[in-house]
Every structure is written in C-alpha cells, then in structure tokens.
Amino acid sequence: MKKPVIIGIAGGSASGKTSIAQELYDCFKGRHTIRIIKLDDYYKDQTHLSMDKRVLTNYDHPLAFDMDLLIEHLDLLKEGKSIQKPTYDFEQHNRSKIVEIVDCRDVFILEGLFVLNEVRIRERCDILVYVDTDADIRFIRRLRRDLEERGRSLDSVCTQYLTTVRPMHEQFVEPSKKYAHIIIPEGSSNTVAIDLLLTKISSIVD
Ligand code: ADP
Ligand code: C5P
C-alpha cells in the first residue's frame, strides 16, 4: 500500500487556506482520493470553562491547539488507519459534539495557521504551502466572514485582531513562511498556482 501524501497549507487568518483546499478538493469530487483536515478542528476542548472565560482564550497561539492529538492522527493516517477527528464550533468557542471518522485516502490536505510553524507537522507533510495575502485584505475578509459565519460583532473582531490575531501572526505565522516549498500570493484567485498543485496531485492519484 502506498503511503498517503499530506499537503500542508499554512498562512494568516483569512489568507485563503480553506478556499484553496476546497478548490483542490472540488477537482476530485466524487472520487475517494482526497480529504481536507482543518487544524481548527484540533482547538483544545474548553467544556470546563464558562463562555466568559472561553472568549478570553488566545486562539492565535500554538498552545490553543491539541497538537499531540493531531500528530497522533497524522501518524495513524500515514499508516493507512482511520481516525476519529474532533470538530469545532466557533460560536461556542469549543469542540462540538460531532466526531468525524476519517479513513484512508491518497492525499490529505491539512490546512491551518500553524501547519508550518510546528516542526512535528512539517516533518509529516510531503508538500508545504504558504498562502501569502496582505494583512489589510486578510482583515477585511476576516471581518466579513466572522460577522456572517462565526457570530461575531464588529467590536469583537476589531479588538481580537489588535490584541491577539495581528501580534501572533507576526510572532508565529509570518516567520514560518521560510519553511514553505511553495508560496502562493493572493490565495485562491491565483489560478496558476492552483493548477500547479492540481497537476502534482493528479500525478499522485492517477
Ligand atoms: P482562511 O482559511 O485562510 O482563514 P478562507 O479561505 O476561509 O481563509 O477565506 C476567508 C474569507 O475570505 C472567506 O469568507 C472567503 O470566502 C474569502 N476569500 C478567500 N479567498 C478570496 C479571494 N481570492 N477573493 C475574495 N474573497 C476571498
Ligand atoms: O480559518 P482561520 O485560519 O481564520 O481560523 C483561525 C482563526 O480563528 C484564528 O485567527 C482565531 O483568532 C480564530 N478563532 C476565533 N474564535 C475561536 C477559535 C478561533 O476567533 N473560538
């Protein structure tokens, strides 16, 4: 059995990681070959905290994630085994009750803020991608998305951006760009870069 290939996609919040992963996934729709795994699903369980406490968590620090569980899962997937993956509820700031079974595929796309920052993840990825989108564009996209999809207010998005998102991006995410094999400017509108990745994935799965 061939070991699955793991493509890691990192980049700042709202840089376009999810959109790129989804575009790649859509090109193989209907085939049991590719699966997206979101680092966001590995945010630590916060059931023991009240909502007032949960909103105070720094969600842009690597320690907010259960990296040990993710590494354990990546190793199982590499061995062709299935995993029971947690899922995340942004409105509750907590893991949801839904657990997803992820079984063996040819290609896994792992996308999230710290995919390049965490050495153990880098070691397990075959291709490392960084989505490089300017901070002002990312802020506008994030504002829209968090108001429409994540149940946030204008005030909370702005405060969170200035207190944690921006400084943590500068401390952890941006410096991890140096580990990328491929840097994609402007995210999913970069059709040339998407096509190059598609060619590579096709050569693995066909
Ligand atoms: P990330 O996964 O890096 O946080 P997403 O792919 O979820 O980023 O994109 C964040 C928001 O920006 C989403 O609402 C998405 O629809 C929007 N978006 C992503 N890429 C583009 C683009 N190229 N042009 C315009 N909007 C985009
Ligand atoms: O999809 P994206 O990469 O933007 O997701 C990560 C972002 O989600 C982080 O920048 C973090 O601030 C945000 N987040 C949040 N509330 C949570 C968990 C994460 O705003 N409960």
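Numbers for residues simply follow the sequence, beginning at 1. Just so you know, ligand 1 is whichever comes first in the structure, and atom 1 is the first atom listed for that ligand.
- Distances shorter than 4.0 angstrom occur between a heavy atom of Ser15 and an atom of ligand 1.
- Under the 4.0 angstrom criterion, atom 16 (O) of ligand 1 counts as lacking any protein heavy-atom contact.
- Checking Ser50 against Asp52 by side-chain atom types alone, no donor-acceptor pair falls below 3.5 Å.
- At a heavy-atom distance under 4.0 Å, only backbone atoms of Ala14 (N, CA, C or O) approach ligand 2.
- Contact record, Phe108 with Asp103: CZ-O, 3.5 Å, taken as the closest heavy-atom pair.
- For the 3.5 Å distance criterion, the side chains of Gln160 and Arg142 qualify, holding a donor opposite an acceptor.
- The closest approach between Arg142 and ligand 2 falls below 4.0 Å for a heavy atom of the residue.
- Taking atom 19 (C) of ligand 2 as the reference point, the nearest protein heavy-atom neighbour is Tyr43 OH, 3.3 Å.
- The nearest protein atom to atom 4 (O) of ligand 2, hydrogens excluded, is given as Ser13 OG, 2.7 Å; this is a heavy-atom distance.
- Shown here is Lys78, whose NZ atom has more than 12 heavy atoms of other residues, nucleotides or ligands within 6.0 Å.
- Side-chain N or O atoms of Thr159 include one that pairs as donor or acceptor with a backbone N or O of Asp155 at under 3.5 Å.
- Within the structure, ligand 2 has Arg152 among the residues with a heavy atom less than 4.0 angstrom away.
- Protein heavy atom at the shortest distance from atom 3 (O) of ligand 2 is Lys17 NZ, 2.9 Å.
- Between the side chain of His181 and the backbone N or O of Leu128 there is at least one donor-acceptor pair closer than 3.5 Å.
- Not a single donor-acceptor pair under 3.5 Å links the side chain of Asp89 to the backbone N or O of Arg95.
- Between the side chain of Lys2 and the backbone N or O of Ile204 there is at least one donor-acceptor pair closer than 3.5 Å.
- Atom 20 (O) of ligand 2 has its closest protein heavy atom at Gln160 NE2, 3.0 Å.
- Counting non-hydrogen atoms of other residues, nucleotides and ligands closer than 6.0 Å to CD1 of Ile98 gives a total of 12 or fewer.
- Neither the backbone nor the side chain of Arg54 comes within 4.0 Å of ligand 2, counting heavy atoms alone.
- Within the 4.0 angstrom cut-off, atom 13 (C) of ligand 1 has no protein heavy-atom neighbours.
- In terms of heavy atoms, Lys44 sits closest to Asp66 at CG-N, 3.7 Å.
- Of all atoms in ligand 1, numbered sequentially from 1 with element shown, those under 4.0 Å from a heavy atom of Ser189 are 23 (N).
- Hydrophobic clustering, with ILVMFWY side chains joined whenever heavy atoms are under 4.5 angstrom apart, groups Leu69 together with Leu77.
- Of all protein heavy atoms, the one lying nearest to atom 11 (C) of ligand 1 is Arg141 CB, 3.9 Å.
- If you look at Arg166 next to ligand 2, there are no close heavy atoms at all, none under 4.0 Å.
- Atoms of ligand 1 lying under 4.0 Å from at least one heavy atom of Ala14, given by number and element, are 1 (P), 3 (O), 4 (O), 8 (O), 10 (C).
- Heavy-atom separations between Gly12 and ligand 1 include at least one value shorter than 4.0 Å.
- Scanning the protein heavy atoms around atom 20 (N) of ligand 1, the nearest turns out to be Ser188 OG, 3.4 Å.
- In terms of protein heavy atoms, atom 2 (O) of ligand 1 is closest to Thr18 OG1, 2.5 Å.
- In this structure, the protein non-hydrogen atom closest to atom 9 (O) of ligand 1 is Ser19 OG, 3.9 Å.
- Nearest non-hydrogen protein atom to atom 2 (P) of ligand 2 is Arg145 NH1, 3.8 Å.
- The closest side-chain donor-acceptor pair between Thr133 and Glu186, if any, does not fall under 3.5 angstrom.
- Counting heavy atoms from C-beta outward, Arg144 and Ile140 have side chains that approach closer than 4.5 Å.
- For ligand 1, one of its N or O atoms has an N or O atom of Arg145 under 3.5 Å away.
- Looking from atom 8 (O) of ligand 1 to the surrounding protein, the closest heavy atom is Gly16 N, 3.2 Å.
- Counting only N and O atoms by type, the side chains of Ser15 and Asp132 include no donor and acceptor under 3.5 Å apart.
- Atom 9 (C) of ligand 2 has as its closest protein heavy atom Asp60 OD2, 3.2 Å.
- From the protein, the heavy atom lying nearest to atom 8 (O) of ligand 2 is Arg150 NH1, 3.2 Å.
- Heavy-atom distances between Met168 and ligand 2 stay at or above 4.0 Å for every pair.
- No N or O atom of Ser13 sits closer than 3.5 Å to an N or O atom of ligand 1.
- The nearest protein atom to atom 6 (C) of ligand 2, hydrogens excluded, is given as Asp40 OD1, 3.7 Å; this is a heavy-atom distance.
- The distance between the ring centers of His93 and Tyr43 does not fall below 6.0 angstrom.
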